[in-house]
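Just below is one structure, and these are the notes that go with it.
This one's a predicted model, so the numbers in the text were calculated from it and none came from an experiment. The figures here come from the full heavy-atom set of this structure, side chains too, leaving out hydrogens, waters and symmetry mates. Read the numbers this way: they start at 1 and go in the same order the structure lists the ligands and their atoms.
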Amino acid sequence: MNLIIFGPPGSGKGTYASRLEPKLNIAKISTGDMLREAVKQQTAIGKKVEKFLAKGRLVPDEIAEALIKEKLGELRGKGFILDGFPRTVEQARFLEKIIKIDAIINLIIPDELLIQKISARRSCSCGEVYNIANVNDTINGMEYRLAPVLPKKEGVCDKCGSSLFQRNDDKPEVIRKRLDVYKKQSQPVIDFFRGRIPFVNIHVNSTPDVVTERILSELTKLNR
Ligand code: ADP
């Protein structure tokens with residue numbers, strides 16, 4: 001199964017992609033993780049994209065597209081879930097030309113909660129994501145009960161044992177810019193795909209366990 005997981009920064013794309021990966025036996029492909037790793041290793045690409053990431057801007061389409069093309073080639077036909085790609089209509093057109101996508105999982109969450117959630121995010125270089133925020137809110141008649149997602153030992157990743165950190169772009173000044181970039185450049189991707197591939201619309205208003213089950217059950221319905 002070839003999937004895209006889409007949503008604003010802080011909606012939980014990385015969290016759900018990580019959880020769906022073993023359940024669906026597909027590979028999680030996160031352009032954000034790949035770009036951060038390139039910056040950390042100071043590769044040629046890493047040096048080029050560093051400033052974009054620090055400012056909360058998107059890296060040039062050609063760079064993200066080249067990363068994805070290479071990664072998809074390595075999969076040799078295994079299913080995947082794309083986390084963070086496509087992020088512009090240009091990238092969506094590119095993807096449509098090179099591979100067939102079975103569905104897009106569209107994560108829906110009110111703006112008010114995003115800054116709160118992103119500021120409370122704690123990340124691991126292996127791709128795992130935790131969150132110390134405890135959201136208990138009713139917005140437009142919908143209840144949001146987003147319990148914290150904590151590691152067993154504070155500051156240490158359950159999966160790989162490395163130290164957790166706060167991403168440089170998870171600071172308030174940069175978060176605002178990322179949300180702005182999302183509205184202008186990424187939201188149009190939703191309109192591009194409407195009518196072209198099946199949509200799974202998911203309200204992120206409960207714990208990751210509950211929301212993951214909801215995604216799985218909606219995906220099963222698509223196959224009927
Ligand atoms: P989030 O969705 O929480 O903003 P990501 O880890 O997906 O986080 O992305 C972090 C940063 O990496 C983005 O702000 C952007 O600079 C860069 N990036 C990731 N994916 C892409 C992409 N497909 N195109 C352009 N830039 C990207």
_Check: F6 and L107 side chains under 4.5 Å, non-hydrogen atoms_ = no
*Distance in Å, K221 NZ paired with L216 CG, rounded so as to fall on 0.5 Å steps*: 12.0 Å
*Atom indices of ligand 1, in the order listed, that fall short of 4.0 Å to a heavy atom of R121*: 3 (O)
*Going from CD1 on I5 to OH on Y16, what distance comes out if it is rounded to the nearest 0.5 angstrom?*
8.5 Å
*Has ligand 1 got any nitrogen or oxygen that is less than 3.5 angstrom from a nitrogen or oxygen of L58?*
no
*Atoms of ligand 1, numbered as shown, that sit under 4.0 Å from any heavy atom of Q91*: 22 (C), 23 (N), 24 (N), 25 (C)
*Using a strict 4.0 Å cut-off to heavy atoms of A64, name the atoms of ligand 1 that fall inside it.*
22 (C), 23 (N), 24 (N)
*Would you give the length of the straight line joining atom CG of L67 to atom CD1 of I45, rounded to the nearest 0.5 angstrom?*
5.0 Å
*Which of the atoms of ligand 1 are close to R57, meaning less than 4.0 Å from one of its heavy atoms?*
15 (C), 16 (O)
*Qualifying residue for salt bridge (Lys or Arg N to Asp or Glu O under 4.0 Å) with D170, from R178, K177, K117*: R178
*Side chain, backbone, both or neither: which part of E90 has a heavy atom under 4.0 Å from ligand 1?*
neither
*With a 4.0 Å cut-off, would you call D209 and R19 a salt bridge?*
yes
*Any atoms of ligand 1 less than 4.0 Å from a non-hydrogen atom of F85? List them with their elements.*
23 (N)
*Just jot down the ligand 1 atoms closer than 4.0 angstrom to any heavy atom of L35, in number order.*
12 (O), 17 (C), 18 (N), 19 (C), 27 (C)
_Return the CG to CZ distance between N134 and R145, rounded to the nearest 0.5 Å._
10.0 Å
*Nitrogen or oxygen of D83 less than 3.5 angstrom from that of ligand 1*: no
*Nearest to atom 26 (N) of ligand 1, what protein heavy atom do you find, and at what distance?*
V59 N, 3.1 Å
*asked:* Considering both backbone and side-chain atoms of L53, is one of its nitrogen or oxygen atoms within less than 3.5 Å of a nitrogen or oxygen in ligand 1?
replied: no
*So do the side chains of L20 and I105 get within less than 4.5 Å of each other, counting heavy atoms only?*
yes
*Heavy-atom pair of closest approach, residues D83 and K28*: OD2-CE, 3.7 Å
*asked:* List ligand 1 atoms under 4.0 Å from K13, heavy atoms only on the residue side.
replied: 2 (O)
*Which residue supplies the protein heavy atom nearest to atom 9 (O) of ligand 1, what is that atom called, and how far is it?*
R87 NH2, 3.4 Å
*May I ask you to list the atoms of ligand 1 that are less than 4.0 angstrom from any heavy atom of T31?*
19 (C), 20 (N), 21 (C), 23 (N)
*Is it true that R36 lies under 4.0 Å from ligand 1, counting heavy atoms only?*
yes
